[in-house]
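Step one of this worksheet: look at the structure below.
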There are 2 protein chains.
Amino acid sequence: MPRDLRLSRMLHVLIHLDRHVERATSDQIAGMISTNPVVVRRMMAGLRKKEILISEKGHGGGWQLARPLNAISLRDVYQAIGSPPLFNIGSGADPTDCLVEKAVDARLDLAMQEAERKLLKQFSEISVEDLAHDFEQRFAALQGDADEASANAAFKHFRTDG
Amino acid sequence: MPRDLRLSRMLHVLIHLDRHVERATSDQIAGMISTNPVVVRRMMAGLRKKEILISEKGHGGGWQLARPLNAISLRDVYQAIGSPPLFNIGSGADPTDCLVEKAVDARLDLAMQEAERKLLKQFSEISVEDLAHDFEQRFAALQGDADEASANAAFKHFRTDG
DNA sequence: AGACATGAAACTTTCATTGTTGCGTGATCG
DNA sequence: CGATCACGCAACAATGAAAGTTTCATGTCT
C-alpha cells in the first residue's frame, strides 16, 4: 500500500545482520527482501555515509553493522535513507496570492508538522534493538508451540543460502 | 511536494463558497484552484454524497454548500474525498513468513496508526469555519496596511469572473 | 430548440519509488 | 598475473496513484 518501503526494509535487514549473519552480500540481502542487489545498494548507501553500516568489496565482502543495534534509532535509519516525505497529503508547494489558500495551507501545514514532529520523536525513542527484541519474543512463542514448521519459517531467508 | 492535494483544495473551495460566492460552476471553481472542471467534479462528488455540498444542473446551476462551515470538520472533508492514505511510508502489504519482518512491520504500523489517530483527531476538532476565520484575520491585517494591491490579491479568483 | 452545467467513462500525463541492465573499480583466490 | 567476486555508479524501464484531458450522455432553464 505505501509507496516508500525503505524504512521497513532497512530495519528488517539490520536485524538479520545483527542476529543471523555477520556479513551479507547485496545479493543475499536482496533475497531477504525480495528485490535485487542494486536496490539494496542504493538503499544502504545512505547508512554507510552515516556510519551505521560498513561495506567491503571483493571476495568475502558484503555489508556489516558498524554499531550495535541499541545505538541505532528508527530516526537514524529514517534520516539515513534521506528523510523521505512522511505524508501523502498536504498543500501545494507553489506560492499563491489567494489569502484563503494561504490561510488553509498554513493551518494544514501546522497540523502536519506537529504530527511529523511527534512521529519522529517516537522514532528517535525506538532503537532497532527494541524491534529485535520484539522478533525474539515472537520466536520464543512459536518455539513454545508444537508448530515447528512455523518456527522454521522464521529462518526462511537463510534456508536457501546454502 | 505531497501527491494528494484534494483536502487542501477542497477546504480552499469550501471557504470561497461560503464567504465570496453563493453558488459556483465547476468551471469557476476550476479557475480558483488552477485546474479543470472535470477534476473539480471528481473531487467534489464525494462531498455531495456526504451531503456537504449540493450540485444542480442546467442554467444557473453549480455547486452550493449544504451546511454551514462550522458544521464541517476537516475530518469530514478528508473522509468525503475518500480517506486517501495519509502516509507515504510504511510497510509492505503482502503477508510474509519471516518473523523479523512481521515484528518490524507490526511495530512500525503501530507507530503510524497512532500518528494517524492523533492527526485525525486534530482534523475532527478543526472546522472549516476556523480556517475561514484565519483567512479573515489575514485579510483584516492587510487592510490595515497601506498595501491595497496585496489586499486586492485576496480576491484574485473573482476579479476575472466578470 | 438551444444553451448551460453536471455525471460518468475512458484515456493520457506526471512523478517518485522500484526494478533492471551495464560498466567501472577494488579485493581476494588460485 | 588472471579470474572471480562484490560494491559503486550511471542510465533507463516499469509501476501505481493522482491529476489532467477528451468525449458523450443527462438534466434544466430560457
Side-chain angles (χ1 to χ4, degrees), chain A residues 1-10 13 17 21 23-31 33-49 53-64 66 78 81-94 161-162, chain B residues 1-10 12-13 17 21 23-49 53-64 66 78 81-94 161-162:
Chain A
M1 190 96 80
R3 313 244 173 66
D4 194 325
L5 304 171
R6 285 174 287 182
L7 178 59
S8 164
R9 282 176 158 179
M10 271 310 316
V13 170
L17 283 178
V21 289
R23 186 181 288 184
T25 67
S26 301
D27 262 296
Q28 293 172 320
I29 295 171
I33 58 180
S34 302
T35 179
N36 71 75
V38 180
V39 173
V40 170
R41 292 192 193 106
R42 190 152 65 207
M43 176 177 72
M44 296 175 85
L47 281 84
R48 187 184 51 233
K49 284 172 196 155
L53 288 172
I54 294 170
S55 66
E56 285 180 48
K57 295 182 178 179
H59 262 292
W63 297 87
Q64 200 174 346
Y78 168 73
I81 60 175
S83 302
L86 283 179
F87 294 103
N88 188 43
I89 71 169
S91 54
D94 41 297
D161 284 351
Chain B
M1 188 101 79
R3 310 241 175 67
D4 194 325
L5 304 172
R6 284 174 289 181
L7 178 59
S8 164
R9 282 177 158 178
M10 271 310 316
H12 180 183
V13 170
L17 282 178
V21 289
R23 185 181 288 184
T25 67
S26 302
D27 262 297
Q28 294 172 319
I29 295 171
M32 296 179 193
I33 58 179
S34 302
T35 179
N36 70 77
V38 179
V39 173
V40 170
R41 291 191 196 106
R42 190 190 292 155
M43 175 176 72
M44 295 175 84
L47 281 82
R48 185 184 52 233
K49 285 172 196 155
L53 289 172
I54 294 169
S55 67
E56 285 180 48
K57 295 181 178 180
H59 263 294
W63 297 86
Q64 199 173 347
Y78 167 74
I81 60 176
S83 302
L86 284 179
F87 294 103
N88 188 43
I89 71 169
S91 54
D94 41 297
D161 284 350

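FYI, side chains are in, hydrogens and waters are out, and symmetry mates aren't considered; it's all heavy atoms of this structure.
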Let me know the distance between CD1 of A:Ile54 and C1' of D:dG8, rounded to the nearest Å.
17 Å

If you measure from CG on B:Asn88 to CG on A:Asn88, what distance do you get to the nearest 0.5 Å?
5.5 Å

B:Met10 versus B:Leu53: any side-chain heavy-atom pair under 4.5 Å?
yes

Return the value, rounded to whole Å, for the distance between atom CD1 of A:Ile89 and atom P of D:dA17.
17 Å

How would you summarise protein contacts on nucleotides 1-7 of chain D per nucleotide, using B for base, S for sugar-phosphate only and - for none, with heavy-atom distances below 4.0 Å?
---BBSB

A:Phe87 atom CZ is separated from C:dT17 atom P, nearest whole Å, by 16 Å

How many Å lie between CG on A:Asn88 and C1' on D:dA19, as a whole number?
13 Å

Please give, in whole Å, the distance from C:dG7 C1' to B:Leu47 CG?
16 Å

Student check: side-chain heavy atoms of A:Met44 and A:Ser55 closer than 4.5 Å:
no

Please name the pair of heavy atoms, one in B:Pro84 and one in B:Tyr78, separated by the smallest distance, quoted to 0.1 Å.
O-OH, 2.5 Å

Pairwise distance CE(B:Met43) to CG(B:Leu7) - rounded to 0.5 angstrom:
10.5 Å

Integer-rounded Å distance: D:dG8 P and A:Ile29 CD1:
11 Å

Min side-chain heavy-atom separation B:Val39-B:Arg9 under 4.5 Å:
yes

Spacing of B:Met44 atom CE relative to D:dA19 atom C1', expressed in whole Å:
17 Å

Any N/O pairs under 3.5 Å between the protein and nucleotides 18-20 of chain C? List them or say none.
unit_1, atom_1, unit_2, atom_2, d
C:dT18, OP1, A:Leu5, N, 2.6
C:dT18, OP2, A:Arg6, NE, 3.4
C:dG19, OP2, A:Arg9, NH1, 3.2
C:dG19, OP2, A:Arg9, NH2, 3.4
C:dG19, OP2, A:Thr35, OG1, 2.7
C:dG19, N7, A:Arg42, NH2, 2.8
C:dG19, O6, A:Arg42, NH1, 3.2
C:dT20, OP2, A:Asn36, ND2, 3.2

